[in-house]
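The structure appears below as C-alpha cells.
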Protein chains: 2
Amino acid sequence: MVQKKMVERQIGVALWRQIADRIRLSISNGDYDKTGMVPPEIKLASQFGVNRHTVRSALASLADEGLVEAIQGRGTMVRRKERLSFPISRRTRLSQGLSNQVRNIRSILLAHDELPATSEIAAALNLPLGTPLIRMDTTSAADDRPVSYATSYFPAARFPDMAEHFGRLGSITKSFAAHGLPDYIRISTEIIARHADADELATLKLSAGAIVLETVAVNADPDGVPVQFSRSRFAADRVTLKLET
Amino acid sequence: MVQKKMVERQIGVALWRQIADRIRLSISNGDYDKTGMVPPEIKLASQFGVNRHTVRSALASLADEGLVEAIQGRGTMVRRKERLSFPISRRTRLSQGLSNQVRNIRSILLAHDELPATSEIAAALNLPLGTPLIRMDTTSAADDRPVSYATSYFPAARFPDMAEHFGRLGSITKSFAAHGLPDYIRISTEIIARHADADELATLKLSAGAIVLETVAVNADPDGVPVQFSRSRFAADRVTLKLET
DNA sequence: CCGAAATGTCTATTAATGTAGACAACCATA
DNA sequence: TATGGTTGTCTACATTAATAGACATTTCGG
C-alpha cells in the first residue's frame, strides 16, 4: 500500500524532521496503542517513500525527546504519548485546570523587571502610555516537562510586589490574592501558531524547528479593570488548548 | 549590533526557511510599516548571522508567496501584511466575524458524502455509534485568499439536505436555517497547532512546511443538542484566533 | 551625471542531508 | 537451536543547503 500523505522535498524542512513530526502526531493520536510499538523502520521507510536511514534519523530525534525507545532485535517502543489539555475559560487557572492530568506542576520565575508601558500594552490594560509595569518571565512544567513560557505585565502601582510574591508562591492566582485580589477573569485571548524561536526552544526544551502556540490574554478584576497582560507560549506538540464556555 | 535571537543550524529546518518565517512574522507584526520596505539583504544577513545568499533564498520564497517584491536598485517592498483575526465565541459565525476585515468571503463545498459515526464523533455528538452522518469538506477564502479548510459532520436524520443547502447558500448558518434551525451555539472547542499535510498545503495554497491551526468544535442547538462536529484548519500565518467571552 | 546603495547573477567551495548496500547484533519463537 | 525479523553500524556516494567573493545592473539623491 502506498501512503496517501507522502513527505515533501525541497521545502526547507528536512525529510527526517517531517517524518519525526508525523510519527509524533501518530503517537499522540494513539495510532500505535494496540501494540505500543512504532512500525519497523523498513516499513516506515516504504510508507514515507524514503530510505531507511532517513527514518532512523527521525526516530533518533524522537528517542532524544524521550518519546520512543528503540530496542535492538525487537523494535521501537512508544514511551510517552501525552498531550496535555489546557483549559482556557473566563476563569483560567493553570494549576487547577491541569491538576487532574498530571502529578505535579511547578512554576518558576525566570526574570523580572520594571518598565514603562508600550503603546500595545497600555492600550490593552487601558493605562496611559508609559505607566510603570512589572514584567515577569515565568515558565511552568508539568511532571518536570516544560509546557508553557509566559511573559506577564502588571500595573506596578497596584501590584508592586508581584515578582516577589510569585517567586515565593509560584502562582499568579496566589500572588494576586496576596495583593488583596481574590478573583480575576479573562477578558480577551488571541491565539497564533508559529515556529519557536531560539529562546523558546531553550526554555521549553523543544527539539528545534518545533511549533509553539502563543496566547495573548488580558485579565481583569471583577470590576472589569485590567490587571494583567500576558503572552504565553505552549509547546504545540504537548498541549491542546481547550476552550470552555 | 548582534541580533539576540539567532537562527539555528542542524535542526532539520533550513536556514532560509527559518529566516523566511521570521521575516513573515515581522511583516505581520508591522515592524516594517514605517518605510514599507524590508531591510536590505546585507543587513538582514548580518542580523541573522548568515550569508547574503541565504537571506536571498528566504526573500525569494516570500516573493513567491506574494508577500514581498524585490526591486533592483531600490530594495524589497512589503506587498501584503494582513493577518485575519478570527473570532471564536459561543456564537461563532464565520462571515459575520470577518465581514469588517475583508471585502468578500467565499465558501466552497469541496466534497460531501454520508457515513456512519465513528466512536470519536458519536461521543462528541452524543449519538449511538454508527448513526448516519453527513460529512462535508468546505473551504473559505477571504478576498480570494484561502483561510480555512473544514470537515464537518451533521446527523443525517435531522439535516438530510445539509450539503445541497450549503452548495447553494455557501454558509453553515444559512443551511441550518434552511433546516429550521435559526440559532446554534458552540459548546466546545479544542485547538492544536501542527505542520500542514500535503492535502492542506494544496487546499489552503500554502508554501510547504507551513503551520496550521486546527480547531475541533461541537455546535449545539439552543436546547443543547449537538448538531455539528467540525474540524477546521487555518493557515497559521494568515489568521489569529480571537476568543470572545 | 557621478557615486552610494541596493538587488541580480555567476563561479567555486564546504557542510548538511539523503540514498544505497552490506553485514553485525540481538530477540522471539517454532 | 535454527530462522526470520528487527535495530545498530559502517562505507561510499549523490543531492541540497550554505558560504564566499566578484562583479553587473538599477535606482536615487546630491
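Computation of the quantities below employed the complete heavy-atom set of this structure, encompassing side-chain atoms and omitting hydrogens, waters and symmetry-equivalent molecules. Each chain gets a letter, A, B and so on, in the order the sequences are listed, and its residues count up from 1.
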Can you find a heavy atom in the side chain of [X] that is under 4.5 Å from one in the side chain of [Y]?
{"X": "A:Met136", "Y": "A:Tyr153", "value": "no"}
{"X": "A:Val55", "Y": "A:Trp16", "value": "no"}
{"X": "B:Thr215", "Y": "B:Phe234", "value": "yes"}
{"X": "B:Leu243", "Y": "A:Ile191", "value": "yes"}

Could you check B:Arg56 against A:Ala14 and say which one's nearest nucleotide on DNA chain C is further toward the 5' end?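 Looking at the nearest nucleotide for each, B:Arg56 comes out on the 5' side.
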So, OP1 or OP2 of D:dT6: does either fall under 4.0 Å of a side-chain N or O from A:Thr76? no
Could you check whether [X] pairs with [Y] (Lys NZ or Arg NE/NH1/NH2 to Asp/Glu carboxylate O, under 4.0 Å)?
{"X": "A:Arg231", "Y": "A:Glu120", "value": "no"}
{"X": "B:Arg135", "Y": "B:Glu114", "value": "no"}
{"X": "A:Arg194", "Y": "A:Glu200", "value": "yes"}

Would you confirm whether [X], through its side chain, and [Y], through its main-chain N or O, come within 3.5 Å as a donor-acceptor pair?
{"X": "A:Arg233", "Y": "A:Ala196", "answer": "no"}
{"X": "B:Thr139", "Y": "B:Ser148", "answer": "yes"}
{"X": "A:Thr54", "Y": "A:Val50", "answer": "no"}
{"X": "B:Ser230", "Y": "B:Ser232", "answer": "no"}

Rounded to the nearest Å, what distance is computed from the CD atom of residue A:Glu69 to the C1' atom of nucleotide D:dG8?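 Computing the A:Glu69:CD to D:dG8:C1' distance gives 14 Å.
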Give one of base, sugar-phosphate or nothing for A:Ser57, where a contact means two heavy atoms less than 4.0 Å apart. nothing
For DNA chain D, determine which residues of residues 35-45 of chain A have any heavy atom closer than 4.0 angstrom to one of its atoms, and list them numerically. A:Pro40, A:Glu41
Taking heavy atoms of chain B and a 4.0 Å limit, find me the 5'-most and 3'-most nucleotide of DNA chain C within that range. C:dA6 to C:dT17
When every nucleotide of nucleotides 20-30 of chain D is labelled 5' to 3' by its protein contacts under 4.0 Å (heavy atoms), B for base, S for sugar-phosphate only, - for none, what sequence of letters results? BB---BBBS--
By nearest heavy atom, map A:Ala70 and A:Gly12 onto DNA chain D; which one lands nearer the 5' end? A:Ala70
